[in-house]
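Take a look at the structure below.
Numbers here simply count residues along the sequence, with the first being 1. Not measured: the values here are computed from a predicted model. We use all heavy atoms of the structure for the numbers below, so side chains are in, but hydrogens, waters and symmetry mates are not.
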Amino acid sequence: MTSEQVADRTANAEAARQDGSGQDASEGYQRGLGNRQIQMIAIGGAIGTGLFLGAGTAIHKAGPSLILAYAIAGLVIFFIMRALGELLMYRPVSGSFSDYAREFLGPFWGYVTGWTYWLFWVVTGITEVTAAATYVNFWSKGSIPQWASALGFTVVLYFANLISVKLFGELEFWFSMVKVTAIIGMILIGIGVITLGFSDAGDTATFTNLWSHHGFFPNGIKSTLMTLQIVMFAFLAVELVGVTAGEAKDPKKTLPKAINTVPWRIAVFYIGALIIILAVVPWTEFMPGVSPFVAAFEKIGLPAGAGIVNFVVLTAALSSCNSGMYSTGRMLRDLALNGQGPKFFAQLTKNGLPLRGTTASAALMLVGVWINYQWPGQAFTYVVSFATISGMWAWIMILVAQLRYRRLANAGVLPQSEFKAPGAPWTSLFALAFIFMVIVLMGIDKDSRVSLYCAPIWAALMVVSYYGLKRRNPEAFVRKSSEHYAQLAAATRAEAEHAA
């Protein structure tokens, strides 16, 4: 972005203030996501199939100590989200992670982050629509081809994302509501079984189940550490609230509030749910690949439990795919606006939607339909391996960019954020160390090692394409000065204050 473009951006902000529009004049998005929707998007991002299904395998490996793994990982997630919040209050933009990486680390890192996060959501979209199609088989008993279900879900969510950002917000609100209701219902029923002793599980349900079956660490601390990759996968997409920054009605109020609810969301929906489930059902009765919620419902004696949980995990999968549709179009547009992607993706519709980027991403997600047609039994395994490592890359960039921003802000080069991350830089450094430890553990575990095989291939592709594009358009890849970003921050802050 040249100095003339910065001046234009400032002028656009002034024009927005004069014409009374609540729209971000520079990005062109409409601020259609209210507090209710932002809060549920934040909650939904922290609850996915990793909890409803993946926790079964993790319980089998670690036993009750999985509760501690979720608590520690949840603390790290809070540090990451507070680092993101500090950046968002400094300059709320829809480009989010790639924009901050570009600003504080350089154009190469912004380029890699933008394309990697885009690929993460495309792969996740394929994974989740595959999972959703698999869940439909629970009711259809194979009468509906798996590829047909995958195609239907992809098409419906695609058109829902093209109507308006408000519709996306509404879908996420109700998807999240289903997940929240299911977990709270399970917790309340479990408490009733433990305290009142009703149902088939009443005679054996007790909190002593958390340590009476070979202790709290029944398989040793090493087994607990090896589940951290499963735990971190369950938290992927919690950062999605950052992508909504450019379309939140009141980002200075709604985003900090959403981020500050992370601790209690994790405490209730992960730690609380696991404590109750493991008190109702001893950990020795869980099997890999079986949802702990299904096992708990069956133990309690609710025949409809399996159907209820299947509906919930179907909702969780569709929620994730819906988020993928939303975020991919915006990441492609951010890359296009910064000259690091095809200009074709920069255009918005009259409703302020990135139609072209969303369409291209949805078209790639249709690859998942073909995979479901060719290999319906192995489809989920074929596409899931890259999701974890690419998702954690966004977390790494958030933390490193926040450390760089804090250094510049403390030096007086940039304005201080109104939402500082507590304990930084030490909390951010701890979170970075934790993420790298998880990556090392992924390399040790033969079941998840395949996730790392794709990373060097993708990295090589990013390096080659970056320098190829830089040779053709060198102006788009010039590192901007701190003064440049100070001007940009001032212009964006003025826009955000007007929207408030």
If you define the side chain from C-beta out and look only at heavy atoms, does anything of [X] sit under 4.5 Å from [Y]?
X	Y	answer
T328	V122	yes
L429	L403	yes
S417	L87	no
F79	R82	no
E239	I80	no
T427	F430	no
Y405	V400	no
M365	V129	no

What are the two closest heavy atoms between [X] and [Y], and how far apart are they?
X	Y	answer
G114	M331	CA-CE, 3.9 Å
P354	L348	N-CD2, 3.5 Å
S319	F175	CA-CD1, 3.5 Å
M232	A73	SD-CB, 3.8 Å
P342	A336	O-CB, 3.1 Å
V178	F311	CG1-CE2, 3.8 Å

Short question: side chain of S176, backbone of F173 - any donor-acceptor pair under 3.5 Å?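 A pair under 3.5 Å: no.
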
Taking R91's backbone N and O only, do any of them form a donor-acceptor pair with Y100's side chain (distance below 3.5 Å, no angle check)?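 Yes; at least one donor-acceptor contact below 3.5 Å.
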
According to side-chain hydrogen bond (donor to acceptor under 3.5 Å, both in side chains), who are the partners of Y466, at least two apart in sequence or on a separate chain?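 Checked Y466 against side-chain hydrogen bond (donor to acceptor under 3.5 Å, both in side chains); zero matches.
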
Separation between [atom1] of [X] and [atom2] of [Y], rounded to the nearest 0.5 Å:
X	Y	atom1	atom2	value
F419	K257	CZ	NZ	12.0 Å
Q229	I389	CD	CD1	10.5 Å
T116	W109	OG1	CH2	10.5 Å
W393	I439	CH2	CD1	9.0 Å
W395	F434	CH2	CZ	9.5 Å
F78	R265	CZ	CZ	10.5 Å

Residue pair S98 / T113, side-chain donor-acceptor N/O under 3.5 Å: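 Per modelled atom types, S98 and T113 side chains form no pair under 3.5 Å.
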
Looking just at side-chain N and O atoms, do Y90 and Q402 make a donor-acceptor pair shorter than 3.5 Å? no

Could you list all the side chain to side chain donor-acceptor pair (under 3.5 Å) pairs where at least one residue sits in residues 148-162, not counting sequence neighbours?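 Output for this query lists Y158-T359, N161-N322.
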
Applying side chain to side chain donor-acceptor pair (under 3.5 Å) to Q340 and D334, what does each step give before you reach the verdict? CA-CA 8 Å; Q340 297 186 342; D334 175 73; over 6 Å; no

Quick check with a 6.0 Å cut-off and a 45 degree axis cone: is R356 positioned over the face of F344's six-membered ring?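 Judged by the rule (NZ or CZ under 6.0 Å from the ring centre, within 45° of its axis), R356 counts as positioned above F344.
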
Answer yes or no for R102 and Y111: cation-pi contact, defined as NZ/CZ to six-membered ring centre under 6.0 Å and angle to ring axis within 45°. no

Cationic N near anionic O, under 4.0 Å, R404 to E103: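 Result for this pair is no, no salt bridge flagged.
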
Can you name the ring-ring contact (aromatic ring centres under 6.0 Å, His included) partners of W118, sequence neighbours left out?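 W115.
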
Ring centres under 6.0 angstrom apart (F235, Y270):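 Ring-ring flag for F235/Y270: true, centres closer than 6.0 Å.
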
